[in-house]
Structures are given as structure tokens and as C-alpha cells.
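Counting convention: from 1, in listed order, for ligands and their atoms alike.
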Amino acid sequence: MNIILLGPPGAGKGTQASFIVELKKVPHISTGDIFRQNIKEGTKLGVEAQSYMDKGLLVPDEVVVKLVEDRLNWQDTKGGFMLDGFPRTLTQAEALEEALSKIQKRIDVVLNIAVDANLLIDRITGRRICKNCGATLHAKYNPPSKEGVCDKCAGALYQRDDDKEETVKKRLVEYESKTQPLIDFYRQKGVLVNIDGQRGIKEVAQEIFEALKQ
Ligand code: AP5
Ligand code: MG
Ligand code: ZN
């Protein structure tokens with residue numbers, strides 16, 4: 001199954017992705033995670049991406065499209081894949097359609113995780129990530145048993161650089177102007193499924209599982 005996770009910053013895409021991966025056994029392709037890995041490794045791509053991410057802006061389409069096109073050629077995508085945070089503009093969505101049609105593939109479902117803007121700031125500023133295993137937690141909504149320490153692997157928890165309130169506000173503006181139009185784009189293609197992302201993590205996962213059964 002070929003899946004797209006759509007939704008504003010902090011909607012819970014990464015959180016739900018970790019459950020979907022278990023269920024569907026498909027690779028989780030998060031463009032944000034790929035950029036953060038490149039920043040950590042100090043690659044040229046990382047340096048370029050960081051200059052946009054720090055400002056809460058989208059990385060230019062040509063950079064992201066090339067990256068995803070390459071990633072979709074990996075063997076592990078043969079049995080399906082899940083894109084998280086891509087596409088994020090109409091240009092990216094159209095480029096993806098074209099790239100997939102060349103390899104006789106299509107998107108089966110777009111899960112649109114909808115959450116009101118006023119909840120998102122709280123979700124993002126409270127987010128904590130494990131330095132060691134990458135697990136995502138939340139200071140209030142999904143707290144670790146011991147403050148600052150990952151439950152899974154005892155790694156140290158940290159906050160993402162772009163999770164400061166001023167940057168989050170800019171990310172939300174980018175989402176509304178550039179990414180929100182994709183909801184209509186995929187609705188017209190008949191693959192959009194709306195998910196109520198405002199409920200608890202388990203309830204949202206349940207709704208997604210039901211949607212993926214159909
Ligand atoms: P990216 O890493 O994709 O960030 P994002 O889309 O802004 O989304 P987030 O990762 O912030 O949120 P999420 O939906 O994954 O939420 P999470 O599950 O963590 O992109 C970062 C940057 O990279 C972009 O700004 C851009 O610069 C660049 N970039 C990436 N892709 C690009 C592209 N295609 N084109 C151009 N540029 C690109 O959850 C958030 C928090 O809430 C967590 O703490 C979690 O525990 C908690 N939580 C989750 N679900 C619930 C729930 N149901 N109830 C309560 N709390 C919850
Ligand atoms: Mg994420
Ligand atoms: Zn960990």
C-alpha cells in the first residue's frame with residue numbers, strides 16, 4: 001500500500017507513522033527526518049535545508065522532489081511506502097504523480113490528520129524527541145516515566161530547533177498557504193480520508209487502522 005500522511009505541523013504524522021509502519025510493514029519516508037539526519041551529518045543538503053528550516057520556511061521544491069524521487073527507487077519501497085511531510089506544495093504533488101506514473105505506481109490513500117491551529121502550538125512546543133532512538137514524546141500528552149529520559153532506550157530527550165514558538169507560527173503560515181490546497185487536490189483524486197486528529201493518540205491510531213482496512 002502506498003500512503004501519504006498529510007496534516008499541519010504537530011498534527012501527529014510522525015506519531016501515527018510509527019504505528020502504521022508496524023501494521024503495514026512499509027518504510028516510513030519523512031522528508032523532515034531526512035533533512036535532520038543530513039543536518040546532523042553536516043552534508044551539503046543538510047546545510048541548505050537548515051537555512052530554510054530554521055526560519056520555519058519550506059525547503060525549495062526542486063531539492064525535495066529530487067530527494068524523494070531518489071528515495072522511491074530504493075528496493076524497500078517495492079511492497080509499498082508511507083510518505084510523511086511530502087508532498088507539501090502543489091508542485092511537489094504533481095511531480096510525485098509524474099514520478100509514480102513512470103514506474104506504474106499510484107497513491108492508494110492520503111490520510112489527512114486534521115487538528116485545529118490553536119492545539120498545534122501546545123503540541124509542538126511540548127514535543128520531546130529521543131536523541132538515541134528518535135522516539136517522539138510529549139511533556140504533557142505522552143510524558144516519559146522519568147523527566148528528560150526515553151522510556152524505550154533511556155536516551156536523553158531534546159527539543160527540535162524549529163519547535164520554538166516564533167518558528168512554529170511561521171511553519172503554520174507556510175502550511176496554510178502552501179500545503180492546505182493539497183487537501184482538495186487529493187479529494188478530487190478520490191484518495192483522501194479525513195482523520196480527526198484532535199483526540200488522544202490511541203483513538204487517532206484506531207481511526208487510521210479502520211481507514212486502512214478498507
Ligand atoms: P517536518 O519534520 O515534516 O515537520 P512538520 O510537518 O512541521 O510536522 P512535525 O514533525 O512538526 O509534526 P508531526 O505531525 O509529525 O507531529 P508529531 O507526531 O511529532 O518538517 C520540518 C521542516 O522540514 C519543515 O518546516 C520544512 O522546512 C522542511 N520540510 C520537510 N518536508 C518538506 C517538504 N516536503 N517540502 C519542503 N520543506 C520540507 O506530534 C507532535 C507532538 O504532539 C508530539 O510531542 C506528540 O507526542 C504529540 N501528539 C501527537 N499526537 C497527539 C495526540 N493525538 N494528542 C496529543 N498529543 C499528540
Ligand atoms: Mg513529524
Ligand atoms: Zn529512545
Does Ile124 come within less than 4.0 angstrom of ligand 1, counting non-hydrogen atoms of the residue? no
Under 4.0 angstrom from ligand 1, any heavy atom of Gly7? no
Would you check whether Arg127 has a nitrogen or oxygen atom less than 3.5 angstrom from a nitrogen or oxygen atom of ligand 1? yes
Please give me the protein atoms (N, O or S only) lying under 2.8 Å from the Zn ion (ligand 3), ordered by chain and number. Cys130 SG, Cys133 SG, Cys150 SG, Cys153 SG
Basic-acidic side-chain contact under 4.0 Å: Glu165, Lys169: yes
For atom 28 (C) of ligand 1, grab the closest protein heavy atom and report residue, atom and distance to one decimal in Å. Met53 CG, 3.8 Å
Nearest-neighbour protein heavy atom for atom 33 (C) of ligand 1, which is reported as residue plus atom name and distance: Arg88 CD, 3.2 Å
Is the closest heavy-atom distance from Arg36 to ligand 1 below 4.0 Å? yes
Protein contact to atom 54 (N) of ligand 1 [nearest heavy atom, distance to 0.1 Å]: Arg123 NH2, 3.3 Å
If we only count N/O pairs under 3.5 Å, is Gly56 in contact with ligand 1? no
SB check Arg71 Asp76 (cutoff 4.0 Å): yes
Below 4.0 angstrom, N of the basic side chain to O of the carboxylate: do Lys140 and Asp122 qualify? yes
Using distance alone, decide if ligand 1 has a nitrogen or oxygen within less than 3.5 Å of any nitrogen or oxygen in Lys13. yes
Side chain, backbone, both or neither: which part of Asp61 comes within less than 4.0 Å of ligand 1 when only heavy atoms are counted? neither
Just list the side-chain donor-acceptor pairs under 3.5 Å for residues 189-197, sequence neighbours left out, or say none.
residue: Asn194; atom: OD1; partner: Asn112; partner atom: ND2; Å: 2.8
residue: Asp196; atom: OD1; partner: Gln198; partner atom: N; Å: 3.0

Would the number of heavy atoms belonging to other residues, nucleotides or ligands and lying under 6.0 Å from CD of Glu41 be above 12? yes
For ligand 1, is there an N or O atom under 3.5 Å from any N or O atom of Gly14? yes
State whether Lys66 and Glu69 are salt-bridged, where the test is any N-O pair (Lys NZ or Arg NE/NH1/NH2 against Asp/Glu carboxylate O) under 4.0 Å. no
Look at ligand 1 and say whether Ser30 reaches it with a heavy atom at a distance under 4.0 Å. no
Pair Lys24 + Asp108: basic N to acidic O under 4.0 Å: no
Please check whether Gly10 reaches ligand 1 - meaning an N/O of the residue sits under 3.5 Å from an N/O of the ligand, judged on distance alone. yes
Is there at least one pair of N or O atoms, one from Leu137 and one from ligand 1, spaced under 3.5 Å apart? yes
Are any of the N or O atoms of Arg160 closer than 3.5 Å to those of ligand 1? yes
Lys/Arg N to Asp/Glu carboxylate O, Glu174 vs Arg88, below 4.0 Å: no
Test your reading of the structure: does Thr31 have an N or O sitting under 3.5 Å from an N or O of ligand 1? yes
Taking distance alone, with N or O pairs closer than 3.5 Å, would you say Asn142 contacts ligand 1? no
If you measure every N or O of Gln92 against every N or O of ligand 1, does any of those distances drop under 3.5 Å? yes
Shortest protein heavy-atom distance from atom 45 (C) of ligand 1, along with the residue and atom involved: Thr15 OG1, 3.7 Å
Distance under 4.0 Å to a non-hydrogen atom of His138: what atoms of ligand 1 satisfy this? 42 (O), 44 (O), 46 (O), 47 (C)
Donor-acceptor pair between Asp162 and Thr167 side chains, under 3.5 angstrom: no
Strictly under 4.0 Å, does any heavy atom of Arg199 approach an atom of ligand 1? yes
